[in-house]
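Working notes, beginning with the structure itself.
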Amino acid sequence: MVKRVNRAKVTTPTLGTGTVTLGPAVDGFQSFAAAGVVDGDTLRYVIEDSDAWEIGTGHYSAAGPSLTRAPSESSLGGSAIAVTGSATVFITATAADFAKTYDGGAASAVFLPTQQIDGGTA
C-alpha cells in the first residue's frame, strides 16, 4: 500500500536518472522522515527540475536517505528525467489513487460523494 504524508518536500543533489538522494526540506515543508516516512515505505512522488517533471512510485530508504524511482508519467513520455542536482522531490496523491472501478474493469471515472447545501445549512 502507498503511504501518504503531509507537506514533505525536499531538494536533491542527485544527477541522472537513478535513485535520488533526498536532501534538506524546502522552506515551509518538512523532510520525508519528519513527515512520518519510515524505511521501506512505498510512496507516490513527483520530481520537478526546471521544466522537466516526473510522477511515479518509489521506495524510501532511511539510509541516505534515498528514494528509488519507477516513473509512470513524465515530461519525457513516461521515462525517468535526468535530474540536474537542483530538483525538488515531494510526496503526493495521483489520480490513480482516487480511481475506483464499479464493474471490475479498468477505472474510467472517479466518483466522489456530493452534498446539497440549502439555505446556508448542511
Side-chain angles (χ1 to χ4, degrees):
M1 172 162 266
V2 174
K3 184 170 189 174
R4 294 177 187 88
V5 297
N6 294 322
R7 301 196 55 77
K9 184 176 186 178
V10 301
T11 61
T12 179
T14 301
L15 301 172
T17 59
T19 297
V20 293
T21 298
L22 303 174
V26 172
D27 287 345
F29 292 86
Q30 55 190 341
S31 70
F32 285 27
V37 179
V38 297
D39 193 58
D41 279 344
T42 301
L43 311 166
R44 296 268 198 266
Y45 70 87
V46 171
I47 299 174
E48 295 177 332
D49 196 344
S50 190
D51 291 339
W53 56 270
E54 173 181 327
I55 300 169
T57 302
H59 297 282
Y60 177 79
S61 172
S66 64
L67 185 70
T68 63
R69 299 163 66 179
S72 56
E73 299 177 49
S74 76
S75 56
L76 292 177
S79 297
I81 63 171
V83 291
T84 63
S86 60
T88 57
V89 184
F90 60 93
I91 299 171
T92 190
T94 65
D97 294 319
F98 297 102
K100 183 172 183 176
T101 62
Y102 290 93
D103 63 0
S108 60
V110 175
F111 297 93
L112 301 174
T114 60
Q115 182 177 20
Q116 179 71 33
I117 300 176
D118 294 314
T121 61

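We're numbering straight along the sequence, starting at 1.
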For side chain to side chain donor-acceptor pair (under 3.5 Å), just list the numbers for T42 and H59, CA-CA rounded to whole Å, side-chain angles, deciding distance to a tenth of an Å, and then say yes or no. CA-CA 5 Å; T42 301; H59 297 282; 3.0 Å; yes
Determine, step by step, whether I81 and R69 satisfy the side-chain contact (heavy atoms from CB on, under 4.5 Å) criterion, reporting the C-alpha distance in whole Å, the side-chain angles of both residues, the deciding distance to 0.1 Å, and the verdict. CA-CA 10 Å; I81 63 171; R69 299 163 66 179; 3.7 Å; yes
So side-chain hydrogen bond (donor to acceptor under 3.5 Å, both in side chains) across residues 10-29, not counting sequence neighbours, yields T12-T14
Could you tell me which residues satisfy side-chain contact (heavy atoms from CB on, under 4.5 Å) with [X], sequence neighbours excluded, listed by chain and number?
X	value
D97	R4, R44, A93, T94
T84	D49, S86
A70	none
T88	K9, V26, E48

With sequence neighbours excluded, what pairs up with S72 under the side chain to side chain donor-acceptor pair (under 3.5 Å) test? none
To the nearest 0.5 Å, how far apart are OH in Y45 and CZ in F90? 12.0 Å
Test E54 against every option in V89, V83, I47 by the side-chain contact (heavy atoms from CB on, under 4.5 Å) rule and name the one that passes. I47
Decide yes or no for S31 and L22: does some side-chain heavy atom of the first lie under 4.5 Å from some side-chain heavy atom of the second? no
Please evaluate residues D51 and S75 with respect to the criterion side-chain contact (heavy atoms from CB on, under 4.5 Å), reporting the C-alpha separation (whole Å), side-chain torsions for both, the decisive distance (0.1 Å), and the verdict. CA-CA 8 Å; D51 291 339; S75 56; over 6 Å; no
Could you tell me whether the side chain of S66 and the main chain of V20 form a donor-acceptor pair under 3.5 Å? no
